[in-house]
Number of protein chains: 2
Amino acid sequence: MNQPSLNPADLDHLLRQTHLFSSLDDAQLAQVRGGLRVLQLDEGQRLFDAGQNAERFFLVASGRIKLYRVSADGNEKVVELIGPGQTFAEAVMFMQRHDYPVSAAALAASQVVSFDGRGFYALLSDSPRLCLTMLGEMSMRLHARINEIDHLTLQNATFRVVHYLCDTLEENGGNQGTIDLTTPKNIIASRVSIKPETFSRILRNLADAGIVTIEGKRIVVHDCQALRAFGR
Amino acid sequence: MNQPSLNPADLDHLLRQTHLFSSLDDAQLAQVRGGLRVLQLDEGQRLFDAGQNAERFFLVASGRIKLYRVSADGNEKVVELIGPGQTFAEAVMFMQRHDYPVSAAALAASQVVSFDGRGFYALLSDSPRLCLTMLGEMSMRLHARINEIDHLTLQNATFRVVHYLCDTLEENGGNQGTIDLTTPKNIIASRVSIKPETFSRILRNLADAGIVTIEGKRIVVHDCQALRAFGR
DNA sequence: GCCGCGTCTTGATGCAGGTTAAGGAGCCCG
DNA sequence: CGGGCTCCTTAACCTGCATCAAGACGCGGC
C-alpha cells in the first residue's frame, strides 16, 4: 500500500522519458511540473468513472491501470491496459463534451502522476512542435482502435488471443519466448473480448497443439511462427 | 458518370465550410488550394487500398465513400461511411508507418477533393490554431471508435441497428421520423457488423413490434422513444 | 497444518447470429 | 415485354462462443 512517494529525481527522469513531453524546453517542462500531482492508488481503487468531468490526464509511474466500460447489465469490457511510462486520457482535453469516455481503475497498487489539462492546453496553443507530437500520439491510438475493430469483426477469438500473446511477447523484452502474465487472466480475457472460460480453453488448445506450454501464470511460446499462424 | 467538374465558386464554398479549414487565413487557404486536386469517381471505383503509401487526404464534395477492411478470407467490414462535406484520412499524415489503415471506394459516382499531406503538415507546424482544430477532430474520431468497440462487445446486433437508425435520423434533417436509405442495405449491415440477412430480420422485428414501417428504401419511425428502448 | 476465498479450469448445455439455399422485387437493356 | 442482372427477404439449419455448474488449485491468515 504505502509505496515510497516518487522522489524528485525519479519524477524528473519519468517526465523526461515520456514521449509526449519530449519536445518541451525547460521552461515548458517547469510549467507542466507546476500543475502535476502524484497519486498513490491501492489495488482496485478507481481513478475516474466514464462520464465524469475531465480536467486532468495521467501518466503511470508504477503499477497497472485498466481503462474499461461497463454496460447497463453490468458487463465489463477492458478497453486498454496501461503500464509504467504510458500516458492516458490526454485526448479528452479536446473533446466538446468534456468528460472521460471510459472508467479507470488500478489493477495493482500504483503510482500515477496527473496533469492539469487546461495548463497543458495552453502549452499546446503556443507550441506547434508539442502539437505535432500530440497528433502523432493520437493517430497511433486511432490506428490501434481501427485494428481492434478489425479484430472484433473480421477475426475470431483465437486470433485475438494469439495476437495478444505475440504483442506482449515483443514488448516484454524481445522474443525470449516466455510471457509472464502480470495481469489476471480474467482481465486479459476482457481485453480481448472473450469470457475467462473461453480464454482458458483457447490456451489449452494452443498447449495441445504443442505451440505453447502453460505453467500457471507463465506461458512459454515454443514456436512464435506457428503461434501467429494458428489464428486462422 | 460525367458530373460537371466542381466550379471554383462551389469549391471555395466547400473549403470555407469545412471545419478542418475553419481557422485558416486567406494566405493559408491559398496554400491549401495550391496542392489540391479534384477527382471524379465512378460508382464502385477504388480510391486507395489499405497498406498503400499515404500522401494525400480527402474531402467529399458529392457522392458517398466507404472506408473498409477486408479479411484474409475475403470478408469485408465497412468502418465508416463518408458523405459530402466530410474529410477522411487526415490522421494518416501523423503515423509512423505512412500508409492507409483502411481501403476507400466510391459507393456512387462521387466528386472528391484531395490535398497534399506534406503541404498541410507544413501548415500545421506553424499554426497552433490549426493544430488544435485538428486535435479536436481527431479526438472526436477516437471517441467514436471507442463507442463502436463498446457497441461491438457490450451490445447486441439489434442495439447497433437501432443506434444506426437514430443517428442517421437526427443527422438527416431533424426528427422527421423518416429515413431514406441512400446507402444499400448490405453496406449498412456491414457498417453495423452484421450480415444482410440479420439486418433484414431485425428490421422486420422492429416492424412487427409496430415501431417502424418499412417501405423498400424508406423507413418510417413511428416512435423514436420506443426505438431507442428496443435495443436491450 | 486447515480453512476460506478468489482465480482458474473443465464439462454440459444454450442461443445469437452466421450460413446455406431458395425465391421475390426492381431495373436496365434488348 | 421478357430475360438477366443485382439487391433484398425468408426460412431451415449450424456453430462459436456464452452461460451455467462443479470442482481444482493456489495462497494468506491463524
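Here the structure is a predicted model, which means the values were calculated and not measured. First the proteins, then the strands, lettered A, B, ... as listed; each starts at 1.
- Contact annotation: the side chain of L20(B) approaches that of F57(B) to within less than 4.5 Å [non-hydrogen atoms, C-beta and beyond].
- Atoms CD1 (I202(A)) and P (dG16(D)) sit 12 Å apart, rounded to a whole Å.
- Aromatic ring pairs are classed by plane angle as parallel below 30°, tilted from 30° to 60° and perpendicular above 60°; the pair F48(A) and Y100(A) is parallel.
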Tabulated below should be each protein N or O lying under 3.5 Å from an N or O of nucleotides 26-28 of chain C; please produce it.
none

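- Going from atom CG of N156(A) over to atom P of dG17(C) covers 18 Å, rounded to whole Å.
- A donor atom on one side chain and an acceptor atom on the other are not found under 3.5 Å apart for D150(A) and N147(A).
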Could you run down the sub-3.5 Å N/O contacts of the protein with nucleotides 6-12 of chain C?
{"unit_1": "dC8(C)", "atom_1": "OP1", "unit_2": "K185(A)", "atom_2": "N", "d": "2.9"}
{"unit_1": "dC8(C)", "atom_1": "OP1", "unit_2": "K217(A)", "atom_2": "NZ", "d": "3.4"}
{"unit_1": "dC8(C)", "atom_1": "OP2", "unit_2": "N186(A)", "atom_2": "N", "d": "3.3"}
{"unit_1": "dT9(C)", "atom_1": "OP1", "unit_2": "K185(A)", "atom_2": "NZ", "d": "2.9"}
{"unit_1": "dT9(C)", "atom_1": "OP2", "unit_2": "S200(A)", "atom_2": "OG", "d": "3.1"}
{"unit_1": "dT9(C)", "atom_1": "O5'", "unit_2": "S200(A)", "atom_2": "OG", "d": "3.0"}
{"unit_1": "dT10(C)", "atom_1": "OP2", "unit_2": "R204(A)", "atom_2": "NE", "d": "2.9"}
{"unit_1": "dG11(C)", "atom_1": "OP2", "unit_2": "R204(A)", "atom_2": "NH2", "d": "3.4"}
{"unit_1": "dG11(C)", "atom_1": "N7", "unit_2": "R201(A)", "atom_2": "NH1", "d": "3.2"}

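- As rounded to whole Å, 11 Å separates atom P of dC17(D) from atom CG of N205(A).
- Inter-residue side-chain proximity for L165(A) and L206(A) is flagged as met; some heavy-atom pair is nearer than 4.5 Å.
- Atoms CD (Q155(A)) and C1' (dC17(D)) sit 16 Å apart, rounded to a whole Å.
- E90(B) and T87(B) share a side-chain donor-acceptor pair at under 3.5 Å.
- The CG-P distance, from L152(B) to dG18(C), rounds to 11 Å in whole Å.
- K195(B) places its NZ atom 18 Å from the C1' atom of dT10(D), with the value rounded to the nearest Å.
- Evaluated for a side-chain contact (heavy atoms from CB on, under 4.5 Å) with E80(B), the options R141(B), E148(B), K66(B) yield exactly one hit, R141(B).
- Checked against salt bridge (Lys or Arg N to Asp or Glu O under 4.0 Å), D167(B) has no partners two or more places apart in sequence or in another chain.
- When side chains are defined from C-beta on, F88(A) does not count as touching V102(A), because their heavy atoms never get closer than 4.5 Å.
- Counting to the nearest Å, the P atom of dG26(D) and the CZ atom of R218(A) are 14 Å from each other.
- The interatomic distance linking D73(B) (CG) with dG18(C) (P) rounds to 14 Å, in whole Å.
- In this structure, V113(B) and R37(B) have side chains that are not in contact, with every pair of non-hydrogen atoms separated by 4.5 Å or more.
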